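Just so it is clear, the values below take in all heavy atoms, side chains as well, and ignore hydrogens, waters and symmetry mates. Keep in mind it's a predicted model, so treat the numbers as computed, not measured. Throughout, protein chains are lettered first and strands after them, A, B, ... in sequence-line order, and every chain is numbered starting at 1.
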Amino acid sequence: MMNILIIIPCFNEQASLPRLISDLENLKLPEKYNVSVCVVNDCSTDDTKQVAKKLDVILIDLPVNLGIGGAVQSGLKYALLDNYDLAVQMDGDGQHPPAELQKMIACYEETGASLVIGSRFIIKEGFQSSFLRRLGITYFHWLNKFFTGKSIYDSTSGFRLFDKKAIQLGARYYPDDYPEPESLVFFSKAGLAIKETPVVMVHRSGGQSSIRSFTSFYYCVKVTLAMFFSFIRKP
Amino acid sequence: MLRIQIITIIASVAFLFLVFRMVVKGRLREEYSIIWLLFTGILVTFSFWEKGLLLVSNLFGVYLPANLVFTISIFIALVYLLHLSVVASKLQKQNKLLAQEMALMKIEIEKMKEEIKPE
């Protein structure tokens with residue numbers, strides 16, 4: 001029996017949450033997997049908290065806004081505390097279809113990697129996002145190759161599967177804002193195996209991306225710096 | 001006594017008094033007051049001892065004493081700002097940890113409430 005915790009960091013996702021949860025409940029996974037869903041409410045200003053309370057989920061209700069990294073880490077801490085075997089981070093806006101979870105788990109079973117990333121770019125299908133965003137992702141691919149020596153195409157993807165080792169490490173240290181590319185450097189330095197598997201993503205059904213155009217320059221600078229410091233920091 | 005000397009003496013002594021009062025009222029922590037007390041102390045000393053500034057300037061080879069004052073005060077302000085950024089980073093880290101602990105504890109409490117609910 002494997003216990004999986006689905007971590008859904010939410011900031012103002014009242015519109016898309018109910019459908020996502022019902023999709024997750026209807027999801028058919030192999031017998032040995034036991035799925036629990038955990039919604040992390042990152043101090044939303046809408047009714048996300050009330051909506052989540054009515055659903056059959058574990059609700060981590062943060063008293064202050066910590067940003068996506070802090071929210072995901074809260075979920076990882078819960079997974080560590082309750083001794084889950086696997087944790088999956090999934091966006092609350094419906095960008096990551098629950099059905100794609102099967103591919104992630106299949107990749108985990110096949111490779112035994114500690115971190116599995118759901119990637120939009122290995123096979124080009126589904127929602128591919130805008131040109132500028134793709135440009136940024138190409139840049140991060142190059143940067144990742146430089147810092148980790150691994151070829152990871154979708155380093156900004158927030159669709160990820162953590163095994164026990166990764167949960168433990170992530171609970172101890174996880175970057176605050178724009179955590180995805182930096183955490184890859186961190187995990188790879190700690191010697192974890194990272195694998196990427198193609199998934200199909202859809203256009204967000206509600207809410208707003210944490211990366212908006214006017215902050216994208218800051219995003220690039222901050223993430224580059226964070227990756228650099230993660231690279232030279234002793235693990 | 002020069003007019004400017006009188007002004008600096010009044011200003012620096014008033015500043016010293018302000019820092020003192022804030023520490024006494026508990027609005028400024030002692031460890032942060034040290035640098036302010038030290039800095040104001042130096043200001044007061046040099047406002048009284050006008051030859052002193054000239055002496056130190058000659059020692060450093062600075063032509064105009066005013067330049068020495070500017071250079072040193074800007075440098076000290078920069079170092080102190082860096083220190084404050086470090087303090088802010090530390091507070092943010094602690095704040096995050098507390099928020100997470102609290103949220104996880106809320107779940108535990110809810111679970112316990114469920115368990116002790118009367119039948």
Side-chain angles (χ1 to χ4, degrees), chain A residues 5 7-11 36-44 48-50 52-84 87 167-168 170-179 183 222 225-226 229 233, chain B residues 18-19 21-36 38-39 70-119:
Chain A
L5 185 71
I7 302 164
I8 308 174
C10 286
F11 181 72
S36 316
V37 179
C38 160
V39 169
V40 186
N41 174 30
D42 194 9
C43 218
S44 298
T48 301
K49 184 178 165 182
Q50 278 68 35
K53 262 193 173 158
K54 282 190 200 105
L55 301 163
D56 183 26
V57 295
I58 300 154
L59 173 65
I60 299 183
D61 187 33
L62 293 171
V64 289
N65 184 274
L66 292 184
I68 175 90
V72 170
Q73 193 186 31
S74 309
L76 291 176
K77 282 185 174 178
Y78 183 82
L80 184 69
L81 224 65
D82 262 24
N83 215 14
Y84 279 90
I167 291 172
Q168 213 161 32
R172 209 173 58 208
Y173 175 77
Y174 205 74
D176 287 328
D177 43 356
Y178 318 135
S183 66
K222 197 260 158 184
L225 261 180
F229 283 116
R233 187 179 294 143
Chain B
L18 187 75
V19 173
R21 225 176 73 116
M22 281 173 127
V23 177
V24 170
K25 294 229 164 180
R27 272 163 56 202
L28 180 65
R29 289 175 62 89
E30 283 84 350
E31 59 256 49
Y32 298 126
S33 72
I34 295 171
I35 186 151
W36 294 115
L38 206 76
F39 204 39
F70 284 133
T71 311
I72 291 179
S73 22
I74 290 172
F75 181 68
I76 291 178
L78 270 179
V79 171
Y80 198 63
L81 281 175
L82 180 67
H83 168 69
L84 288 182
S85 301
V86 172
V87 172
S89 303
K90 191 176 120 194
L91 284 176
Q92 195 184 6
K93 205 169 159 185
Q94 291 171 337
N95 185 44
K96 177 177 133 182
L97 202 73
L98 284 174
Q100 289 177 332
E101 287 286 313
M102 203 176 140
L104 292 176
M105 241 140 90
K106 267 197 250 177
I107 297 180
E108 294 294 309
I109 290 172
E110 286 302 318
K111 265 190 211 159
M112 281 174 170
K113 269 190 191 164
E114 289 290 314
E115 274 167 24
I116 58 168
K117 221 178 227 170
E119 299 304 313

Legend entry - Interface moiety of A:L59 toward chain B, non-hydrogen atoms closer than 4.5 Å: backbone
Inset, instruction - Taking all non-hydrogen atoms of both residues into account, name the closest pair between A:D176 and B:Q92 and its distance. - result: OD2-NE2, 4.5 Å
Inset, instruction - Please state whether the side chain, the backbone, both or neither of A:L66 comes within less than 4.5 Å of a heavy atom of chain B. - result: side chain
Legend entry - Residues forming a side chain to side chain donor-acceptor pair (under 3.5 Å) with B:R27, sequence neighbours excluded: none
Legend entry - Residue B:K93 versus chain A: region with a heavy atom under 4.5 Å: neither
Legend entry - Atom NZ of A:K49: over 12 foreign heavy atoms under 6.0 Å: no
Legend entry - Contact summary for B:K111 and A:Y78, nearest pair of heavy atoms: NZ-OH, 3.7 Å
Inset, instruction - Could you tell me which residues in residues 98-110 of chain B have at least one non-hydrogen atom under 4.5 Å from a non-hydrogen atom of chain A, sorted by residue number? - result: B:A99, B:Q100, B:M102, B:A103, B:L104, B:K106, B:I107
Inset, instruction - Name the region of A:D82, side chain, backbone, both or neither, that has any atom closer than 4.5 Å to a heavy atom of chain B. - result: side chain
Inset, instruction - Check whether more than 12 heavy atoms from other residues, nucleotides or ligands sit under 6.0 Å from atom OH of A:Y173, and answer yes or no. - result: yes
